[in-house]
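To start, the structure itself, in structure tokens.
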Amino acid sequence: MAGSGVDQPEFLALERELTVLLRRARANQGEMAREVHPDLESSAYGLLVRLDECGQQRATELAAYIGVGKATMSRQLRALETLGLVTRAPDPADGRAWLVELTTEGRSRVGRVRDARRARYAGRLADWDAGEVGELARLLHQLNRGMEK
């Protein structure tokens, strides 16, 4: 690996900071899931956010986005339906597929938690310049796009 750049201080610092960020994100995801509903699994929070951002989607699309198999997605969707956060209906374009969407209650709960999360970000980054916040968002987007490859 010599000469590949991975031993450069910049990549060591990146690894360290991403590790801290991801550890905190996992802990926060559990808190946010409980704020949506006390019985919500933390892993399902990202699924609810995806539905909030993108609207109705096929279960298979959600499984691919989250990176889980059909069985895991079916189990999570059943749990979310039981909690009254999502509904599933047969896809009129393909009777074998299911369309999933947030219920009114699910949208309301997820919206409140997301608003509160953004307010926490704004409070913690209050001493940052708006351009710095925008630059961080741009760089994280670029990182996420690069990770999809």
Side-chain angles (χ1 to χ4, degrees), residues 5-6 10-126 128 130-149:
V6 297
E10 297 84 1
F11 287 99
L12 295 171
L14 175 64
E15 177 192 22
R16 181 177 48 254
E17 296 305 324
L18 283 176
T19 299
V20 171
L21 178 67
L22 293 172
R23 188 177 331 115
R24 287 184 177 148
R26 276 191 298 275
N28 286 338
Q29 184 170 347
E31 291 173 22
M32 291 180 289
R34 285 185 297 280
E35 288 176 27
V36 170
H37 193 285
D39 297 328
L40 183 65
E41 291 181 23
S42 70
S43 60
Y45 179 76
L47 179 60
L48 295 175
V49 168
R50 178 69 173 185
L51 288 169
D52 188 43
E53 290 178 347
C54 299
Q56 186 180 63
Q57 292 196 313
R58 284 186 173 186
T60 53
E61 293 171 325
L62 291 168
Y65 176 77
I66 301 292
V68 299
K70 275 175 48 174
T72 300
M73 181 55 56
S74 290
R75 183 186 59 77
Q76 284 188 335
L77 291 175
R78 276 193 307 274
L80 292 171
E81 274 185 304
T82 300
L83 296 175
L85 301 173
V86 303
T87 60
R88 287 189 292 177
D91 184 344
D94 180 355
R96 299 166 297 164
W98 290 92
L99 290 174
V100 182
E101 66 182 323
L102 290 174
T103 62
T104 302
E105 179 68 15
R107 187 170 313 287
S108 173
R109 287 176 179 245
V110 170
R112 281 194 306 269
V113 171
R114 293 186 78 196
D115 289 347
R117 182 175 57 172
R118 283 191 303 277
R120 283 193 299 270
Y121 289 156
R124 290 183 179 146
L125 301 178
W128 285 39
E132 291 173 319
V133 175
E135 180 66 2
L136 176 59
R138 186 190 70 74
L139 290 170
L140 287 172
H141 177 74
Q142 184 176 335
L143 175 66
N144 285 327
R145 299 245 357 232
M147 296 296 187
E148 291 173 359
K149 295 177 184 176

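From a predicted model like this one, the values you see are computed outputs, not experimental measurements.
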Are the side chain of Asp52 and the backbone of Leu48 linked by a donor-acceptor contact shorter than 3.5 Å?
-> no
Would you name the heavy atoms of Glu101 and Leu51 that are closest together and state the gap between them?
-> CA-CD2, 4.4 Å
Side chains of Arg23 and Thr19: do they bring a donor and an acceptor to under 3.5 Å?
-> no
Would you mind reporting whether Leu22 and Arg26 have side-chain heavy atoms less than 4.5 Å apart?
-> yes
Run the numbers on Thr72 and Arg75 for side-chain contact (heavy atoms from CB on, under 4.5 Å), then give the verdict.
-> CA-CA 5 Å; Thr72 300; Arg75 183 186 59 77; 4.2 Å; yes
Here the pair of heavy atoms bringing Ala33 nearest to Glu41 is CB-O, 3.8 Å
So, do Leu47 and Met73 sit near enough that their side-chain heavy atoms are less than 4.5 Å apart?
-> yes
Considering only NZ, NE, NH1 and NH2 on the basic side and carboxylate oxygens on the acidic side, decide whether Arg118 and Asp115 come within less than 4.0 Å.
-> yes
side-chain contact (heavy atoms from CB on, under 4.5 Å) partners for Arg124, two or more places apart | Arg120
Step by step, work out the side-chain contact (heavy atoms from CB on, under 4.5 Å) result for Asp94 and Arg58.
-> CA-CA 10 Å; Asp94 180 355; Arg58 284 186 173 186; 3.4 Å; yes
Could Arg138 and Glu135 be called an ion pair, given the rule that one side-chain N must be under 4.0 Å from one carboxylate O?
-> yes
Does CD belonging to Glu15 count more than 12 external heavy atoms closer than 6.0 Å?
-> no
Mind running side-chain contact (heavy atoms from CB on, under 4.5 Å) on Arg114 and Met32 for me, showing each step along the way?
-> CA-CA 8 Å; Arg114 293 186 78 196; Met32 291 180 289; over 6 Å; no
